[in-house]
Amino acid sequence: MSKITNAFENNKIFIPFITAGDPNLDKTYDFILTMEKAGAPLIEIGIPFSDPIAEGPVVQCANVRALKGGCTTDKVFDMIAKVREVSNVPLVFIAYLNQLYKYGYERFLERCKEIGIDGVLIPDMPFEEKGELDELAGAYNVDIVSIIASAPVERIEMIAKQAEGYIYVIPAPEGEGMDGAAIAKAIKNVTDTPVAVRFDSDDDSMIDKVYEYTDAIMVDNALVHLIEEYGEQAQEHIYEYVMRMVGKANR
Amino acid sequence: MSKGRYGIHGGQYVPETIMSEVLKLEKEYEFYKNDKAFNEELNQLLAEYAGRPSLLYYAEKMTEDLGGAKIYFKREDLNHTGSHKINNVLGQALLAKKMGKKRIIAETGAGQHGVATATAAALLGLECEIFMGKEDTIRQALNVYRMELLGAKVNAVESGTATLKDAVNECMREWSNRLDDTMYVLGSVMGPHPFPMIVRDFQSVISREAREQILEKEGKLPDVVMACVGGGSNAMGMFYEFIKDESVKLIGCEAAGKGVDTDRTAATISVGSEGVFHGMKSYFCQDEYGQIAPVYSISAGLDYPGIGPEHAYLHDIGRAQYVPVTDDEAVDAFEYIARTEGIIAAIESSHAVAHVMKLAPTMNKDQIIICCLSGRGDKDVAAIARYRGVDLHE
């Protein structure tokens with residue numbers, strides 16, 4: 001059983017996300033440990049990319065800030081290696097395929113294994129292209145996290161059946177297709193792989209309901225927003241936010 | 001390996017949020033491309049609205065002046081809206097309408113594709129939104145107003161380098177937010193499959209006509225076929241029907257900006273490396289970590305850090321050659337063709353003209369070059385004046 005699967009065992013969980021290098025890598029190191037301390041059972045770390053086409057303006061700006069500060073893939077690896085000296089919290093990278101391609105798929109996954117990255121989520125690698133990494137990821141024991149969005153049910157089932165780690169669900173904007181509940185239901189029909197749904201709001205009344213159908217939630221932008229606002233002073237805000245969200249998940 | 005491959009290049013590397021729509025488009029296009037009624041309607045639009053076939057013009061004065069190969073220009077600049085972009089846009093907009101879409105969105109660099117898309121939307125009764133890098137809205141302010149006159153909404157994109165690649169990013173985001181009634185009309189032979197194929201098919205009318213026209217005029221095939229390359233749609237259209245004619249040399253002219261030995265360039269084949277971006281595997285200008293490089297060219301239409309996957313393949317197998325042309329050379333060519341032939345060609349097309357000027361004198365008088373004049377240069381006049389330090393008091 002992978003560390004990712006363990007994180008979901010018998011629990012509803014909240015998965016925080018931050019962009020590495022925003023505002024700088026020393027702070028990212030602190031923030032990861034802070035989130036763990038606040039109870040986060042699994043953390044997603046974005047490796048900043050020049051053109052994050054799957055992300056909205058808030059995360060885009062975080063990427064720009066990180067790159068301007070000189071953050072590189074190698075420096076992110078080094079920072080995570082330091083985290084691993086003191087923490088075992090399951091970690092998942094979010095990176096665009098070109099970042100892996102240019103680094104070398106094997107070299108990238110080998111380093112992931114070396115420093116204990118448990119999964120990688122690639123926003124621009126759909127099911128049809130997962131052959132790029134399948135074999136290597138298996139060999140290096142890194143889960144490639146699948147994304148599922150509003151789609152014909154056959155497509156949702158096709159992706160879900162082969163998913164590893166957990167399934168990252170992106171609901172359609174209101175009125176534009178399936179919501180999180182509908183997608184989660186279609187997934188649960190065919191697999192036990194945990195489902196994590198991304199929301200753009202952390203409204204209390206909404207969150208109480210969503211845990212009825214999902215194993216985990218992500219709140220798009222929430223922590224990135226805090227870092228944008230408080231920069232190097234974001235630590236205690238991050239702690240409070242993650243505490244609050246973890247509390248809701250455990251209720 | 002997945003669909004839509006040109007050697008190792010191409011593919012469908014897009015977020016899952018738009019994947020279903022990309023697959024749907026692929027299916028619909030496979031149906032309509034063989035549908036008689038669709039093709040009749042499109043051909044009628046091309047003939048009676050866009051003004052096809054475009055002329056194959058013998059540039060006698062340039063031929064004499066350069067003293068080598070016979071030079072022909074394929075006059076896409078004479079199409080309605082002033083460039084080759086209309087060929088693709090009429091096809092895609094008609095396809096969107098057949099698919100029941102009410103709204104089309106598009107990226108634009110120089111504004112040519114945006115103007116063509118806004119035009120097709122007006123004609124076919126579709127809502128239209130254009131995404132254009134902020135930097136480009138300044139360089140090409142007239143085209144922004146032109147699109148607005150045609151009823152389109154123009155969004156200035158401020159993220160990243162605020163140029164063409166960022167406009168593409170924004171279109172992909174916008175598409176994923178509103179899939180149901182919206183189709184993304186991509187302007188070049190790039191992006192995820194099926195776009196490189198769709199755009200190439202609609203643009204291949206250029207070489208289909210040119211091949212017939214040159215056989216009629218000269219009774220033989222040309223020795224060289226040339227076009228400028230950004231994403232590569234006019235070049236792909238100009239090359240396509242000649243690919244099987246192995247005696248015909250294919251040359252794509254990339255925008256070298258200030259030069260390929262500087263960091264102010266957009267010559268992807270010269271300075272780029274293999275990568276995966278904007279839905280496709282191809283060549284890109286990027287750094288060692290795969291961060292896409294900010295590129296530069298005087299020409300907003302060639303100012304793109306990648307190249308279409310079929311070009312990448314033609315380069316790999318040696319079927320086509322790609323050469324860099326600098327800002328200076330392109331501006332010289334812009335002025336030269338104006339004075340010599342009385343044609344104000346787009347600064348994009350002038351990159352190809354510049355290479356004609358280098359190559360023609362080295363060839364024999366019985367040899368033939370066909371160069372694609374992809375667009376007209378009215379939009380560039382103010383920028384060229386600025387480049388020469390002329391104050392126009394606009």
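Chain A is the first sequence line, chain B the second, and so forth, proteins listed ahead of strands; every chain is numbered from 1. It should be emphasised that the depicted structure is a prediction, and the values quoted were computed from it without experimental measurement.
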Can you tell me if [X] has over 12 outside heavy atoms packed within less than 6.0 Å of its [atom1]?
X: B:Lys134; atom1: NZ; answer: no
X: A:Tyr105; atom1: OH; answer: yes
X: A:Asp192; atom1: CG; answer: no

Whether A:Asn98 side chain and B:Gly275 backbone form a donor-acceptor pair below 3.5 Å: no
Which one of A:Thr72, A:Ile122, A:Leu97, A:Asn63 has the most heavy-atom pairs closer than 4.5 Å to chain B? A:Thr72
Under a 4.5 Å cut-off applied to non-hydrogen side-chain atoms, are B:Arg173 and A:Gln60 in contact? yes
With heavy-atom distances below 4.5 Å as the criterion, would you say the side chains of A:Lys102 and B:Ser273 are in contact? yes
Verify whether one side chain among A:Gln99 and B:Tyr289 offers a donor that lies under 3.5 Å from an acceptor in the other. no
Part of [X] within contact of chain A (heavy atom distance under 4.5 Å):
X: B:Glu288; value: backbone
X: B:Asp166; value: side chain
X: B:Ile18; value: neither

If I take atom [atom1] from residue [X] and atom [atom2] from residue [Y], how far apart are they, to the nearest 0.5 angstrom?
X: A:Asp124; Y: B:Met19; atom1: CG; atom2: CE; result: 12.0 Å
X: A:Ile47; Y: B:Gln291; atom1: CD1; atom2: CD; result: 9.5 Å
X: B:Phe277; Y: A:Tyr101; atom1: CZ; atom2: OH; result: 15.5 Å

Using non-hydrogen atoms and a limit below 4.5 Å, what part of [range] faces chain B?
range: residues 164-191 of chain A; answer: A:Ile170, A:Pro173, A:Glu176
range: residues 49-58 of chain A; answer: A:Phe49, A:Ser50, A:Asp51, A:Pro52, A:Ile53, A:Ala54, A:Glu55
range: residues 148-159 of chain A; answer: A:Ile148, A:Ala149, A:Ser150, A:Ala151, A:Pro152, A:Arg155, A:Ile159

One option among B:Gln12, B:Met172, B:Arg178 has the most heavy-atom pairs under 4.5 Å with chain A, and it is B:Gln12
Pick from B:Thr17, B:Asp180, B:Leu179, B:Ile292 with the largest number of heavy-atom pairs that fall under 4.5 Å of chain A: B:Ile292
Could you tell me which residues satisfy salt bridge (Lys or Arg N to Asp or Glu O under 4.0 Å) with B:Lys27, sequence neighbours excluded, listed by chain and number? none
A:Glu132 bridged to B:Lys281 by N-O distance under 4.0 Å: yes
